[in-house]
Amino acid sequence: MKAITVEPKKPGTVRFEDIPEPDVREGSVLVEAIAAAVCGTDVEIAEGKYGWAPPGKTRLVLGHESLGRVIDPGPNSSFKKGDLVSGIVRRPDPVPCPNCAVGEADMCRNGQYTERGIKEIHGFMSERWRIEPEYAVKVDPALGILGVLLEPTTVIIKALEQVLAVGQRAFWEPKTVLVTGAGPIGLLAAGVASLGGYEVHVLDRVESGLKPDLVRALGATYHSGSVLDLGFEPDVIVECTGVGSVIGDSVQKVGAGGVVCLTGVGAGGIASRAVADVAAAAVLKNNVIVGSVNANKRHWYKANDRLGRLDRKWLSRLITRYEKPENFKYALERKPDDIKVVIQFGEV
Ligand SMILES: [Zn+2]
């Protein structure tokens, strides 16, 4: 079968090539790929900045945002042939740490977890893949190809769960949610937050085009410019840019008793203000800054529900390009108008 593979940490090594059929040790459920979405992590792996091949191998099958159709449910699963499924990405560490031991590999404490398509396990950008029944999530068939958005939605479900969990330390009734960054994660965050009945605001650099349109289509308010210029203090800020100045501004701007949830992974940059000033703003207003990454099975279950409740037309506009697997090079390029790029292996 064909797969999109890469030699991690070596730029320019991505290939669409023949590899053996998936090993039965990777799981008893056999799935034919329908689609795999591309995210920033895939681009970084392709650029040689990240990623690990399975032990003893030099190449890794890319892809962690999956949608496929069960072709053989295997002996021990409740799946049926034809079910649409998506694969949970992370596997617990072998020790295991206390969190992995209780089914919270997303909260792994020793970093020895593995991840499909990223860290030591093959991903989902192959014509067929196998998965353990307990790590396959049934996708609402009404979603069709939009089910490929399930994985990024899980990240948001977990982030919002974290926000509400830490908010319970005091009396708190959040009403306004600001999302910084109108990429796929930011837009999905706005979509999921709008389902929760919050007053949703999204801030991004661009002033016109698809992103503001998509935000307004949710009934949310779009802003461009600085967080500091907003005419209100959000109860919750979901930070999806990873940009230092936006993070600093968010901590300063969030309302008293509010929560800033960091989901973006950035690096470097110029400090827009001293760390102690950022901290002082948090202290004097009882703010919480919480980081959130990945998701566990509970979040996958909830994400399937929330995705199913979002308007399909709106969701379909998040996917701005479909590419064939042989055109992986274009799929892994970032173009200015891209929101989500999907590599399509087959029809739903
Ligand atoms: Zn762990």
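This one's a predicted model, so the numbers in the text were calculated from it and none came from an experiment. Whatever order the structure lists them in is the order used to number ligands and atoms, beginning at 1. The chain is numbered in sequence order, starting from 1.
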Peer 1: Keeping to residues at least two apart or across chains, list the side-chain hydrogen bond (donor to acceptor under 3.5 Å, both in side chains) pairs with something in residues 221-232.
Peer 2: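 For residues 221-232, and leaving out neighbouring residues, the side-chain hydrogen bond (donor to acceptor under 3.5 Å, both in side chains) pairs sorted by first residue read His201-His223.
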Peer 1: Check side-chain contact (heavy atoms from CB on, under 4.5 Å) between Glu26 and all other residues, then give those that pass, not counting sequence neighbours.
Peer 2: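 With neighbours one apart ignored, the set is Pro22, Asp23, Arg116, His122, Arg130.
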Peer 1: I'd like a table of donor-acceptor pairs (distance under 3.5 Å, sequence neighbours excluded) in which one partner is a side-chain atom from residues 335-348, with atom names and distances.
Peer 2:
{"residue": "Asp338", "atom": "OD1", "partner": "Arg321", "partner atom": "NE", "Å": "3.0"}
{"residue": "Asp338", "atom": "OD2", "partner": "Arg321", "partner atom": "NH2", "Å": "2.8"}
{"residue": "Asp338", "atom": "OD2", "partner": "Lys335", "partner atom": "N", "Å": "2.9"}
{"residue": "Lys340", "atom": "NZ", "partner": "Val38", "partner atom": "O", "Å": "3.0"}
{"residue": "Lys340", "atom": "NZ", "partner": "Glu65", "partner atom": "OE1", "Å": "2.9"}
{"residue": "Lys340", "atom": "NZ", "partner": "Glu65", "partner atom": "OE2", "Å": "3.4"}
{"residue": "Gln344", "atom": "NE2", "partner": "Gly346", "partner atom": "O", "Å": "3.2"}

Peer 1: Taking Glu32 first and then Arg128, would you say they form a salt bridge - that is, a charged N and a carboxylate O separated by under 4.0 Å?
Peer 2: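 Arg128 and Glu32: not salt-bridged.
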Peer 1: So, Asn99 and Glu104: side-chain donor and acceptor under 3.5 Å apart, yes or no?
Peer 2: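 Checked: Asn99/Glu104 side chains pair up, N/O donor to acceptor below 3.5 Å.
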Peer 1: Under 6.0 Å from the six-membered ring centre of Trp52 and within 45° of its axis: does the NZ or CZ of Lys9 meet both?
Peer 2: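 Ring-cation test returns yes.
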Peer 1: Do you know how many protein N, O or S atoms are within a distance smaller than 2.8 Å of the Zn ion (ligand 1)?
Peer 2: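 For the Zn ion (ligand 1), protein nitrogen, oxygen or sulfur atoms under 2.8 Å: 4.
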